Trainee: 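Following this message is one structure expressed as structure tokens.
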Protein chains: 2
Amino acid sequence: MVSVSNQEDAILSRLRGEGYKITPQRRAIVRAILSSDEYVTPELLLIKARQAFPSLGRVTVYRTLDILSQLGLLCTLHPEGHHPGYTLGRLDHHHHVVCSGCGRVSDFSEHGLEELEKRLSRETGFKIEGHILEFLGLCPQCQETNNEK
Amino acid sequence: MVSVSNQEDAILSRLRGEGYKITPQRRAIVRAILSSDEYVTPELLLIKARQAFPSLGRVTVYRTLDILSQLGLLCTLHPEGHHPGYTLGRLDHHHHVVCSGCGRVSDFSEHGLEELEKRLSRETGFKIEGHILEFLGLCPQCQETNNEK
DNA sequence: GTCATTGCAAATCGTTTGCAGCGCC
DNA sequence: GGCGCTGCAAACGATTTGCAATGAC
């Protein structure tokens, strides 16, 4: 298990290594993503990161997300009926389960898809380049909250 | 294999059955979706459907897509790097392969996911409600076009 | 004839861009 | 001290809403 502060360091030094400067804004944004186990939207991220850096501009959030995204540090999520959002990626290939109640994200690995890719290539003639696999459901906490109602 | 005109009738009578009126606009939109094997965006659909009904308004396209979507007749696609779009759904559960070149959509069935859902429920405690599984790749035609370059 | 449907224009939402000043390295 | 970064304001594209006229049944 990697601790959050280690993850933060890893991301920041990756940024530095790519020639980007480490500003308090970027630090606040990265920390805000790391501190939530829900997935984040730009708007949510702005609110969270402003707690640490109140004068943070909305534009900076978008620009930082762009950078992280280009470096492959973010995963995009498409929860049905919700706005698309982001969560921090791991280095290995993996997938997500998103809570439809609170947005909490859990991840898992699954390697059976390569088999399926081959079958699809054969059946459809497509040259497969990638895939999206996401599950939507209720996390344990939200299941309980639902039952209380 | 179900013919396109049968599909059209099926969709229109479903609409009628739900209390919606069959207008030439809706007919043109439904036909436009059916006549493309690529997935459609609202904008693209507007252009296509206007060939049959030139005075069609953009708003009507959005409203019709909403209705079809609520009735479960549409599938949403999330091709990476492109705008999200729609394709007509089949009644049974299935998934899509989208061409990153031209947007052509091919569909397939896969039942191995129920197994995976169970595993995830067990491992994460989430109550799984649904999933997205989409493949992105190049269709046979676009592979050829690429090679010619 | 009634009431859903339409299309326009305007409002709105999320995101991107131009630009002048600021601050990290 | 230079150049990348920031934040404002304005632009932008996609979608939604208010409303009066229209047309399907």
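In this text, all values refer to a predicted model and were calculated from it rather than measured experimentally. Below, read A as the first sequence line, B as the second, and so on, with proteins coming before strands; counting in each chain starts at 1.
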Trainee: Under 4.0 Å between a side-chain nitrogen and a carboxylate oxygen: does that hold for A:Arg119 and A:Glu123?
Mentor: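 Judged by the 4.0 Å cut-off on N to carboxylate O distance, A:Arg119 and A:Glu123 do form a salt bridge.
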Trainee: Would you kindly compare A:Leu56 and B:Gln25 by the position of their nearest DNA chain D nucleotide and give the one closer to the 5′ end?
Mentor: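 In this pair, the answer is A:Leu56.
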Trainee: Does A:Tyr62 put a side-chain nitrogen or oxygen below 4.0 Å from OP1 or OP2 of C:dT16?
Mentor: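 For C:dT16, OP1/OP2 do not have a side-chain N/O of A:Tyr62 under 4.0 Å.
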Trainee: Taking the ring centre of each residue, are B:His111 and B:His94 less than 6.0 Å apart?
Mentor: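 Ring centroids of B:His111 and B:His94 are no less than 6.0 Å from each other.
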Trainee: Check the distance between D:dA24's C1' and B:Leu12's CG and give it to me in whole angstrom.
Mentor: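 That distance rounds to 14 Å.
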Trainee: For A:Thr23, what residues pass the side-chain contact (heavy atoms from CB on, under 4.5 Å) criterion, not counting sequence neighbours?
Mentor: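 A:Thr23: side-chain contact (heavy atoms from CB on, under 4.5 Å) contacts with A:Gln25, A:Arg26.
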Trainee: Output yes when at least one side-chain N/O atom of A:Ser55 is less than 4.0 Å from OP1 or OP2 of D:dT6, else no.
Mentor: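 No.
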Trainee: Is a donor-acceptor contact shorter than 3.5 angstrom present between the side chain of A:Arg63 and the base of D:dG7?
Mentor: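 Under the 3.5 Å cut-off, the side chain and the base do form a donor-acceptor pair.
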Trainee: Find the distance B:Leu15:CG to D:dC25:P and express it as a whole number of Å.
Mentor: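 It works out to 11 Å between those atoms.
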Trainee: If you only use heavy atoms from C-beta on, which nucleotide in D:dA14, C:dG7, D:dC5 is closest to the side chain of B:Phe53?
Mentor: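 The listed nucleotide nearest to B:Phe53's side chain is C:dG7.
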Trainee: Between A:Arg50 and B:Lys21, which has a closest nucleotide on DNA chain D that is more 5'?
Mentor: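 Its nucleotide being nearer the 5' end, the pick is A:Arg50.
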Trainee: Nearest-Å distance, CG (B:Leu46) to P (D:dA14)?
Mentor: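 Taking atom P of D:dA14 as the reference, CG of B:Leu46 is at 12 Å.
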Trainee: Without decimals, in angstroms, what is the distance between B:Asp66 CG and D:dT15 P?
Mentor: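 Whole-Å distance recorded here is 11 Å.
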Trainee: Whole angstroms only, please: what is the CD1-P distance between B:Ile67 and C:dT5?
Mentor: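 In whole Å, C:dT5 P lies 6 Å from B:Ile67 CD1.
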Trainee: Taking CZ from A:Arg27 and P from C:dG23, how many angstroms apart are they, rounded to a whole number?
Mentor: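 In whole Å, C:dG23 P lies 16 Å from A:Arg27 CZ.
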Trainee: If you compare every side-chain N and O of A:Thr23 against the phosphate oxygens of D:dT6 (OP1, OP2), does one of them come in below 4.0 Å?
Mentor: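 Affirmative; the distance criterion is met.
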Trainee: What's in the same ILVMFWY side-chain cluster as A:Val97, cut-off under 4.5 Å, chained through other members?
Mentor: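 When side chains under 4.5 Å apart are linked, the cluster holding A:Val97 also contains A:Phe108, A:Leu113, A:Leu116, A:Leu120, A:Phe126, A:Ile128, A:Leu133, A:Phe135, B:Val97, B:Phe108, B:Leu113, B:Leu116, B:Leu120, B:Phe126, B:Ile128, B:Leu133, B:Phe135.
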Trainee: Quickly work out the B:Tyr86 OH to D:dA14 P distance and round it to whole Å.
Mentor: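 Atom-to-atom, B:Tyr86 to D:dA14, this comes out as 13 Å.
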Trainee: To the nearest angstrom, how far is A:Gln70 atom CD from C:dT16 atom P?
Mentor: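 So the CD-P distance, A:Gln70 to C:dT16, works out to 11 Å.
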Trainee: Assign each of B:Arg58 and A:Pro24 to its nearest nucleotide of DNA chain C by heavy atoms, then name whichever residue's nucleotide is nearer the 5' end.
Mentor: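 Nearer the 5' end of the strand: B:Arg58.
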Trainee: Give a yes or no on whether the ring-centroid distance for A:His83 and A:His78 is below 6.0 angstrom.
Mentor: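 Ring-ring flag for A:His83/A:His78: false, centres at least 6.0 Å apart.
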Trainee: Is any side-chain nitrogen or oxygen of B:Arg26 closer than 4.0 Å to OP1 or OP2 of C:dT5?
Mentor: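 It does, given that an N or O in the side chain of B:Arg26 lies less than 4.0 Å from OP1 or OP2 of C:dT5.
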